Amino acid sequence: MNELPLQGNLAETPLPQLLFSIWHKEKTGLLRITKEKIEKKLYFKKRNIVGELASFSEKDFLKMLIKKKMLNSSQLKKCRLFARQNKITVIKSLTEFALFSPLHLWQLMQTFFKEDFFSLFDWTDAEFYFESEDIPYESQILQESEIPNLILQGIRQMKNREVFEIHLPPEDESLKILFPFYIDQIRFEPHEKYLLKLIENAPNLKIIYDLSEIGKGETKRTIFAFLSLGIISTSHENKRVNYAHEFLTDELDKILESFNSKCSYIYKYISKEIGPAAMSVLNKCLDDIKPQLSPPLQTLELRPDGRIEMKPTLRMNINLSSDKKWKNFLKDLDEILAAEVLAVKRTLGTGHETALIENLEKMGDLS
(Lines give C-alpha, C1' and ligand atoms only; values in the text may rest on other atoms or scores of the structure.)
Protein backbone atom coordinates (compact mmCIF):
# COMPACT_ATOMS: atom_id res chain seq x y z
CA MET A 1 0.00 0.00 0.00
CA ASN A 2 1.26 3.47 -0.78
CA GLU A 3 2.18 5.41 2.33
CA LEU A 4 -0.83 7.52 3.22
CA PRO A 5 -0.11 10.94 4.69
CA LEU A 6 -0.80 11.53 8.35
CA GLN A 7 -2.01 14.99 7.49
CA GLY A 8 -4.43 15.82 4.72
CA ASN A 9 -8.07 16.02 3.66
CA LEU A 10 -10.72 13.29 3.68
CA ALA A 11 -11.69 14.35 0.15
CA GLU A 12 -8.43 12.82 -1.04
CA THR A 13 -7.95 10.12 1.59
CA PRO A 14 -11.34 8.73 2.70
CA LEU A 15 -11.64 7.83 6.37
CA PRO A 16 -11.71 4.02 5.87
CA GLN A 17 -8.35 4.10 4.05
CA LEU A 18 -6.91 6.43 6.68
CA LEU A 19 -8.05 4.16 9.51
CA PHE A 20 -6.64 1.09 7.77
CA SER A 21 -3.30 2.86 7.29
CA ILE A 22 -3.15 3.71 11.01
CA TRP A 23 -4.01 0.10 11.86
CA HIS A 24 -1.48 -1.18 9.35
CA LYS A 25 1.32 0.95 10.87
CA GLU A 26 0.24 0.09 14.43
CA LYS A 27 0.19 3.77 15.29
CA THR A 28 -0.52 4.98 18.81
CA GLY A 29 -1.71 8.55 19.13
CA LEU A 30 -4.45 11.05 18.39
CA LEU A 31 -6.26 11.68 15.11
CA ARG A 32 -7.87 15.11 14.86
CA ILE A 33 -10.55 15.60 12.20
CA THR A 34 -11.90 19.12 11.69
CA LYS A 35 -14.77 20.30 9.53
CA GLU A 36 -15.70 23.97 9.72
CA LYS A 37 -15.87 24.59 13.50
CA ILE A 38 -16.34 20.95 14.50
CA GLU A 39 -13.38 18.92 15.74
CA LYS A 40 -13.45 15.20 16.42
CA LYS A 41 -10.70 13.40 18.33
CA LEU A 42 -9.97 9.72 17.90
CA TYR A 43 -7.38 7.91 19.99
CA PHE A 44 -5.50 4.85 18.75
CA LYS A 45 -3.66 2.22 20.73
CA LYS A 46 -1.66 0.14 18.29
CA ARG A 47 -4.31 -1.84 16.42
CA ASN A 48 -7.35 -0.63 18.34
CA ILE A 49 -9.36 2.55 18.32
CA VAL A 50 -10.03 3.84 21.82
CA GLY A 51 -13.18 5.57 22.98
CA GLU A 52 -12.25 7.77 25.92
CA LEU A 53 -14.26 9.84 28.35
CA ALA A 54 -12.52 13.19 27.78
CA SER A 55 -13.79 13.44 24.19
CA PHE A 56 -17.16 11.91 25.06
CA SER A 57 -19.92 14.49 24.54
CA GLU A 58 -21.98 14.26 27.72
CA LYS A 59 -24.35 16.94 26.45
CA ASP A 60 -25.15 15.10 23.23
CA PHE A 61 -25.44 11.78 25.02
CA LEU A 62 -28.00 13.17 27.43
CA LYS A 63 -29.93 14.67 24.51
CA MET A 64 -30.05 11.21 22.97
CA LEU A 65 -31.46 9.72 26.19
CA ILE A 66 -34.15 12.40 26.26
CA LYS A 67 -34.98 11.90 22.58
CA LYS A 68 -35.33 8.15 23.05
CA LYS A 69 -37.48 8.78 26.14
CA MET A 70 -35.09 6.87 28.36
CA LEU A 71 -34.73 9.96 30.55
CA ASN A 72 -37.16 12.81 31.21
CA SER A 73 -36.41 16.49 31.80
CA SER A 74 -37.30 16.29 35.50
CA GLN A 75 -34.87 13.45 36.10
CA LEU A 76 -32.16 15.24 34.15
CA LYS A 77 -32.64 18.39 36.21
CA LYS A 78 -32.22 16.45 39.45
CA CYS A 79 -29.13 14.67 38.12
CA ARG A 80 -27.51 17.95 37.06
CA LEU A 81 -28.15 19.52 40.46
CA PHE A 82 -26.78 16.44 42.24
CA ALA A 83 -23.72 16.38 39.97
CA ARG A 84 -23.01 20.06 40.60
CA GLN A 85 -23.37 19.70 44.37
CA ASN A 86 -21.13 16.64 44.53
CA LYS A 87 -18.68 17.72 41.83
CA ILE A 88 -19.21 14.63 39.68
CA THR A 89 -20.32 14.09 36.09
CA VAL A 90 -23.98 13.95 35.20
CA ILE A 91 -23.26 10.50 33.75
CA LYS A 92 -22.20 9.26 37.17
CA SER A 93 -25.30 10.75 38.76
CA LEU A 94 -27.47 8.57 36.49
CA THR A 95 -26.26 5.49 38.32
CA GLU A 96 -26.23 7.22 41.72
CA PHE A 97 -29.99 7.76 41.30
CA ALA A 98 -30.35 4.17 39.98
CA LEU A 99 -31.88 5.43 36.75
CA PHE A 100 -29.61 3.04 34.84
CA SER A 101 -27.60 0.05 35.88
CA PRO A 102 -23.86 0.44 35.24
CA LEU A 103 -23.98 -2.28 32.56
CA HIS A 104 -26.91 -0.71 30.73
CA LEU A 105 -25.40 2.77 30.92
CA TRP A 106 -22.05 1.53 29.62
CA GLN A 107 -23.74 -0.24 26.72
CA LEU A 108 -25.61 2.95 25.84
CA MET A 109 -22.41 5.02 25.94
CA GLN A 110 -20.61 2.51 23.73
CA THR A 111 -23.47 2.58 21.23
CA PHE A 112 -23.45 6.38 21.28
CA PHE A 113 -19.68 6.44 20.70
CA LYS A 114 -19.99 4.14 17.68
CA GLU A 115 -22.87 6.08 16.15
CA ASP A 116 -20.96 9.33 16.56
CA PHE A 117 -17.86 7.72 15.07
CA PHE A 118 -19.74 6.21 12.13
CA SER A 119 -21.11 9.63 11.19
CA LEU A 120 -17.54 10.63 10.25
CA PHE A 121 -17.54 8.12 7.40
CA ASP A 122 -19.79 10.47 5.41
CA TRP A 123 -17.44 13.44 5.79
CA THR A 124 -15.57 14.54 2.70
CA ASP A 125 -14.14 18.05 2.93
CA ALA A 126 -12.53 17.71 6.36
CA GLU A 127 -8.92 18.18 7.43
CA PHE A 128 -7.15 15.48 9.43
CA TYR A 129 -3.92 15.40 11.37
CA PHE A 130 -2.41 12.47 13.26
CA GLU A 131 0.03 13.06 16.09
CA SER A 132 1.83 10.48 18.17
CA GLU A 133 1.09 10.89 21.85
CA ASP A 134 0.33 8.85 24.93
CA ILE A 135 -3.12 7.33 25.17
CA PRO A 136 -5.44 8.30 28.04
CA TYR A 137 -5.20 6.56 31.40
CA GLU A 138 -6.92 3.18 31.43
CA SER A 139 -9.52 4.56 33.84
CA GLN A 140 -10.57 7.06 31.15
CA ILE A 141 -11.05 4.50 28.37
CA LEU A 142 -14.67 3.81 27.51
CA GLN A 143 -14.01 1.02 25.03
CA GLU A 144 -11.47 -0.47 22.64
CA SER A 145 -12.49 -1.77 19.22
CA GLU A 146 -10.66 -3.66 16.48
CA ILE A 147 -10.26 -1.35 13.52
CA PRO A 148 -10.89 -3.66 10.49
CA ASN A 149 -14.34 -4.76 11.68
CA LEU A 150 -15.15 -1.20 12.72
CA ILE A 151 -14.23 0.03 9.22
CA LEU A 152 -16.56 -2.54 7.68
CA GLN A 153 -19.41 -1.58 10.02
CA GLY A 154 -18.87 2.09 9.25
CA ILE A 155 -18.95 1.59 5.47
CA ARG A 156 -22.13 -0.51 5.74
CA GLN A 157 -24.07 2.44 7.19
CA MET A 158 -22.62 5.23 4.99
CA LYS A 159 -25.28 7.53 3.54
CA ASN A 160 -23.02 9.71 1.39
CA ARG A 161 -22.49 7.45 -1.63
CA GLU A 162 -20.23 10.02 -3.27
CA VAL A 163 -17.53 9.17 -0.72
CA PHE A 164 -17.06 5.66 -2.07
CA GLU A 165 -18.17 6.07 -5.69
CA ILE A 166 -15.43 8.58 -6.57
CA HIS A 167 -12.78 6.23 -5.17
CA LEU A 168 -13.80 3.13 -7.14
CA PRO A 169 -11.73 1.91 -10.11
CA PRO A 170 -13.04 2.08 -13.72
CA GLU A 171 -15.52 -0.58 -14.78
CA ASP A 172 -13.07 -2.25 -17.17
CA GLU A 173 -10.74 -3.07 -14.26
CA SER A 174 -10.39 -6.68 -13.13
CA LEU A 175 -10.25 -7.50 -9.45
CA LYS A 176 -8.21 -10.04 -7.55
CA ILE A 177 -8.88 -11.45 -4.09
CA LEU A 178 -5.72 -11.29 -1.96
CA PHE A 179 -6.68 -13.45 1.04
CA PRO A 180 -4.54 -11.53 3.56
CA PHE A 181 -3.76 -13.34 6.80
CA TYR A 182 -6.25 -11.22 8.77
CA ILE A 183 -9.21 -12.03 6.51
CA ASP A 184 -10.48 -14.71 8.92
CA GLN A 185 -10.71 -12.09 11.66
CA ILE A 186 -13.22 -10.00 9.69
CA ARG A 187 -16.89 -10.74 10.31
CA PHE A 188 -18.53 -10.70 6.87
CA GLU A 189 -22.26 -10.67 6.31
CA PRO A 190 -23.72 -13.31 3.92
CA HIS A 191 -24.06 -10.84 1.00
CA GLU A 192 -20.40 -9.85 1.40
CA LYS A 193 -19.28 -13.49 1.26
CA TYR A 194 -21.44 -13.90 -1.84
CA LEU A 195 -19.76 -10.92 -3.52
CA LEU A 196 -16.28 -12.28 -2.75
CA LYS A 197 -17.17 -15.47 -4.63
CA LEU A 198 -18.53 -13.43 -7.53
CA ILE A 199 -15.35 -11.33 -7.71
CA GLU A 200 -13.30 -14.52 -7.80
CA ASN A 201 -15.04 -15.66 -11.00
CA ALA A 202 -15.90 -12.42 -12.85
CA PRO A 203 -13.46 -10.94 -15.44
CA ASN A 204 -13.99 -7.26 -14.61
CA LEU A 205 -15.90 -4.75 -12.53
CA LYS A 206 -18.62 -4.15 -15.15
CA ILE A 207 -19.52 -7.85 -15.21
CA ILE A 208 -19.59 -7.87 -11.42
CA TYR A 209 -22.05 -4.94 -11.43
CA ASP A 210 -24.23 -6.69 -14.04
CA LEU A 211 -24.30 -10.06 -12.28
CA SER A 212 -24.49 -8.98 -8.64
CA GLU A 213 -27.81 -9.81 -7.02
CA ILE A 214 -27.36 -7.19 -4.30
CA GLY A 215 -27.73 -4.27 -6.74
CA LYS A 216 -25.14 -1.94 -8.23
CA GLY A 217 -25.23 0.60 -5.40
CA GLU A 218 -24.60 -1.94 -2.65
CA THR A 219 -22.06 -3.75 -4.81
CA LYS A 220 -20.09 -0.50 -5.13
CA ARG A 221 -20.26 0.04 -1.38
CA THR A 222 -19.00 -3.47 -0.63
CA ILE A 223 -16.19 -3.33 -3.19
CA PHE A 224 -15.08 -0.02 -1.68
CA ALA A 225 -14.99 -1.79 1.70
CA PHE A 226 -12.93 -4.68 0.30
CA LEU A 227 -10.47 -2.26 -1.32
CA SER A 228 -10.18 -0.17 1.86
CA LEU A 229 -9.40 -3.29 3.89
CA GLY A 230 -6.80 -4.64 1.44
CA ILE A 231 -8.92 -7.73 0.74
CA ILE A 232 -8.97 -7.18 -3.03
CA SER A 233 -6.75 -5.32 -5.47
CA THR A 234 -7.17 -3.91 -8.95
CA SER A 235 -5.14 -5.34 -11.82
CA HIS A 236 -3.56 -2.91 -14.31
CA GLU A 237 -1.90 -3.77 -17.62
CA ASN A 238 1.58 -2.81 -16.39
CA LYS A 239 1.06 -2.52 -12.68
CA ARG A 240 -0.59 -4.61 -9.99
CA VAL A 241 -1.58 -2.95 -6.77
CA ASN A 242 -1.35 -5.56 -4.04
CA TYR A 243 -2.24 -4.02 -0.71
CA ALA A 244 -2.11 -7.19 1.36
CA HIS A 245 1.21 -8.37 -0.11
CA GLU A 246 2.86 -5.08 0.79
CA PHE A 247 1.17 -5.13 4.18
CA LEU A 248 2.59 -8.58 4.89
CA THR A 249 6.00 -7.65 3.51
CA ASP A 250 6.13 -4.70 5.89
CA GLU A 251 4.90 -6.85 8.77
CA LEU A 252 7.40 -9.59 7.97
CA ASP A 253 10.29 -7.12 7.76
CA LYS A 254 9.46 -5.72 11.20
CA ILE A 255 9.21 -9.17 12.78
CA LEU A 256 12.45 -10.40 11.19
CA GLU A 257 14.28 -7.27 12.27
CA SER A 258 13.12 -7.82 15.85
CA PHE A 259 14.02 -11.51 15.66
CA ASN A 260 17.47 -10.87 14.21
CA SER A 261 18.20 -8.15 16.74
CA LYS A 262 17.70 -10.77 19.44
CA CYS A 263 19.81 -13.35 17.56
CA SER A 264 22.61 -10.83 17.12
CA TYR A 265 22.45 -9.92 20.81
CA ILE A 266 22.67 -13.60 21.84
CA TYR A 267 25.70 -14.09 19.58
CA LYS A 268 27.46 -11.01 20.99
CA TYR A 269 26.65 -12.14 24.54
CA ILE A 270 28.08 -15.64 24.17
CA SER A 271 31.06 -14.61 22.00
CA LYS A 272 32.06 -12.12 24.68
CA GLU A 273 32.45 -15.07 27.05
CA ILE A 274 33.92 -17.80 24.80
CA GLY A 275 35.20 -15.95 21.73
CA PRO A 276 35.14 -17.55 18.21
CA ALA A 277 33.72 -20.79 19.61
CA ALA A 278 30.36 -18.99 19.90
CA MET A 279 29.68 -19.53 16.20
CA SER A 280 30.12 -23.29 16.51
CA VAL A 281 27.80 -23.42 19.54
CA LEU A 282 25.02 -21.52 17.76
CA ASN A 283 25.45 -23.41 14.46
CA LYS A 284 25.05 -26.71 16.31
CA CYS A 285 22.02 -25.26 18.12
CA LEU A 286 20.42 -24.30 14.78
CA ASP A 287 21.16 -27.72 13.25
CA ASP A 288 19.56 -29.44 16.24
CA ILE A 289 16.37 -27.35 16.09
CA LYS A 290 15.83 -27.48 12.30
CA PRO A 291 14.02 -30.89 12.22
CA GLN A 292 11.40 -29.47 14.62
CA LEU A 293 10.66 -26.45 12.41
CA SER A 294 8.28 -26.09 9.46
CA PRO A 295 9.88 -27.41 6.22
CA PRO A 296 10.59 -23.97 4.69
CA LEU A 297 12.46 -22.87 7.83
CA GLN A 298 14.75 -25.88 7.73
CA THR A 299 16.87 -24.05 5.12
CA LEU A 300 17.85 -21.26 7.51
CA GLU A 301 21.53 -20.42 7.88
CA LEU A 302 23.51 -18.50 10.50
CA ARG A 303 25.33 -15.39 9.33
CA PRO A 304 28.74 -14.30 10.72
CA ASP A 305 27.06 -11.66 12.91
CA GLY A 306 24.72 -14.19 14.51
CA ARG A 307 21.69 -13.11 12.50
CA ILE A 308 19.58 -15.66 10.63
CA GLU A 309 19.63 -15.55 6.84
CA MET A 310 16.25 -16.11 5.19
CA LYS A 311 16.20 -16.97 1.51
CA PRO A 312 13.92 -14.95 -0.87
CA THR A 313 11.77 -18.00 -1.70
CA LEU A 314 10.99 -18.49 1.98
CA ARG A 315 10.05 -14.82 2.36
CA MET A 316 7.60 -15.16 -0.53
CA ASN A 317 6.01 -18.26 1.00
CA ILE A 318 5.52 -16.44 4.30
CA ASN A 319 3.98 -13.41 2.55
CA LEU A 320 1.37 -15.64 0.92
CA SER A 321 0.69 -17.87 3.89
CA SER A 322 -2.57 -18.44 5.67
CA ASP A 323 -3.23 -17.14 9.15
CA LYS A 324 -2.44 -20.59 10.56
CA LYS A 325 0.92 -20.77 8.75
CA TRP A 326 1.70 -17.22 9.84
CA LYS A 327 1.18 -18.20 13.48
CA ASN A 328 3.31 -21.32 12.99
CA PHE A 329 6.05 -19.15 11.53
CA LEU A 330 6.06 -16.92 14.61
CA LYS A 331 6.09 -20.01 16.81
CA ASP A 332 9.12 -21.34 14.90
CA LEU A 333 11.02 -18.10 15.45
CA ASP A 334 10.30 -18.32 19.17
CA GLU A 335 11.55 -21.93 19.15
CA ILE A 336 14.84 -20.82 17.57
CA LEU A 337 15.34 -18.13 20.20
CA ALA A 338 14.50 -20.56 23.00
CA ALA A 339 17.01 -23.05 21.60
CA GLU A 340 19.74 -20.41 21.48
CA VAL A 341 19.04 -19.37 25.06
CA LEU A 342 19.24 -23.03 26.09
CA ALA A 343 22.61 -23.27 24.33
CA VAL A 344 23.82 -20.33 26.40
CA LYS A 345 22.65 -22.06 29.56
CA ARG A 346 24.46 -25.29 28.67
CA THR A 347 27.64 -23.43 27.76
CA LEU A 348 27.80 -20.69 30.39
CA GLY A 349 25.46 -21.75 33.18
CA THR A 350 22.09 -20.75 34.69
CA GLY A 351 23.22 -17.32 35.86
CA HIS A 352 24.04 -16.24 32.32
CA GLU A 353 20.74 -17.69 31.08
CA THR A 354 18.78 -15.55 33.57
CA ALA A 355 20.66 -12.38 32.64
CA LEU A 356 20.21 -13.07 28.94
CA ILE A 357 16.46 -13.67 29.25
CA GLU A 358 15.99 -10.44 31.22
CA ASN A 359 17.78 -8.43 28.52
CA LEU A 360 15.85 -10.13 25.69
CA GLU A 361 12.54 -9.36 27.42
CA LYS A 362 13.49 -5.70 27.49
CA MET A 363 13.79 -5.82 23.69
CA GLY A 364 10.06 -6.69 23.41
CA ASP A 365 8.01 -9.43 21.71
CA LEU A 366 8.39 -10.38 18.06
CA SER A 367 4.82 -9.39 17.14
Side-chain angles (χ1 to χ4, degrees), residues 25-29 44-48 132-139 141 144 181-182 248-315 317-319 321-367:
K25 298 298 180 184
E26 297 187 29
K27 294 287 187 180
T28 292
F44 295 84
K45 179 184 177 183
K46 286 194 174 180
R47 290 191 165 170
N48 287 339
S132 297
E133 67 171 53
D134 294 334
I135 62 168
Y137 291 114
E138 291 293 330
S139 61
I141 293 178
E144 291 186 42
F181 76 92
Y182 51 86
L248 284 170
T249 299
D250 183 62
E251 187 82 351
L252 180 61
D253 286 343
K254 288 191 295 184
I255 288 172
L256 287 179
E257 180 59 34
S258 174
F259 170 72
N260 269 320
S261 293
K262 293 174 183 287
C263 290
S264 178
Y265 178 79
I266 293 172
Y267 169 72
K268 290 177 183 177
Y269 186 98
I270 192 171
S271 62
K272 183 179 178 182
E273 299 295 328
I274 64 173
M279 185 57 65
S280 297
V281 171
L282 293 180
N283 264 320
K284 184 180 185 307
C285 164
L286 190 59
D287 288 339
D288 290 343
I289 193 68
K290 279 181 181 180
Q292 303 174 36
L293 304 177
S294 304
L297 285 167
Q298 293 174 9
T299 62
L300 294 177
E301 296 178 2
L302 194 65
R303 286 163 40 178
D305 60 356
R307 297 164 74 88
I308 301 294
E309 182 176 356
M310 181 172 289
K311 297 179 179 180
T313 52
L314 173 58
R315 292 173 63 88
N317 287 336
I318 295 300
N319 280 340
S321 68
S322 66
D323 185 44
K324 182 178 179 181
K325 289 182 179 179
W326 179 266
K327 291 177 180 177
N328 286 338
F329 170 69
L330 294 178
K331 181 181 177 182
D332 283 342
L333 295 187
D334 284 332
E335 291 287 345
I336 294 171
L337 290 174
E340 291 195 351
V341 170
L342 181 59
V344 171
K345 177 182 178 180
R346 289 171 175 169
T347 306
L348 303 178
T350 304
H352 286 279
E353 177 199 25
T354 302
L356 182 62
I357 290 174
E358 288 178 354
N359 290 331
L360 289 174
E361 287 177 346
K362 291 177 182 177
M363 297 173 72
D365 296 330
L366 292 181
S367 57

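Please read all numbers here as calculations on a predicted model, not as lab measurements.
Other residues, nucleotides and ligands place no more than 12 heavy atoms under 6.0 Å from the CZ atom of Arg346.
The structure places CG of Leu282 at 14.0 Å from CZ of Arg303, a figure rounded to the nearest 0.5 Å. One distance of note links CD1 of Ile357 with CG of Leu337; it measures 11.0 Å at 0.5 Å rounding. Note that CD1 of Ile270 is 9.0 Å distant from CG of Leu356, once rounded to the nearest 0.5 Å. The distance from the CD atom of Glu358 to the OG1 atom of Thr354 is 6.5 Å, given to the nearest 0.5 Å. If you take CG on Leu286 and CD on Glu340, they are separated by 7.0 Å, rounding to the nearest 0.5 Å. Distance NZ/Lys331 to CD/Gln292: 10.5 Å, rounded to 0.5 Å.
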Handout entry: Stepwise side-chain contact (heavy atoms from CB on, under 4.5 Å) test for Leu348 and Ile274
Key = CA-CA 9 Å; Leu348 303 178; Ile274 64 173; 3.8 Å; yes
Exercise for the section: Go through Lys345 and Thr350 one step at a time and tell me if the side-chain contact (heavy atoms from CB on, under 4.5 Å) criterion holds. Expected result: CA-CA 5 Å; Lys345 177 182 178 180; Thr350 304; 3.9 Å; yes
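With contacts defined as side-chain heavy-atom distances shorter than 4.5 Å, the pair Ile266/Leu360 qualifies.
Side-chain N/O atoms of Ser294 and Asp332 include a donor and acceptor closer than 3.5 Å.
Leu300 and Ile308 get closest at one heavy-atom pair: CD2-CG2, 3.7 Å. Closest non-hydrogen pair, Arg307 versus Ser264, comes out as CG-CB, 4.0 Å. Scanning all heavy atoms of the two residues, the minimum distance from Ala343 to Cys285 falls at CB-CB, 4.1 Å.
The main-chain N or O of Val344 is never found under 3.5 Å from a side-chain atom of Thr347 such that the two would form a donor-acceptor pair.
Scanning for ring pair (Phe, Tyr, Trp, His ring centres under 6.0 Å) contacts around Tyr267 gives an empty result, with sequence neighbours left out.
Residue pairs meeting the salt bridge (Lys or Arg N to Asp or Glu O under 4.0 Å) criterion with at least one partner in residues 270-286, sequence neighbours excluded, are Lys284-Asp288.
A salt bridge between Glu361 and Lys262 is absent, with no side-chain N of the basic residue lying under 4.0 Å from a carboxylate O of the acidic one.
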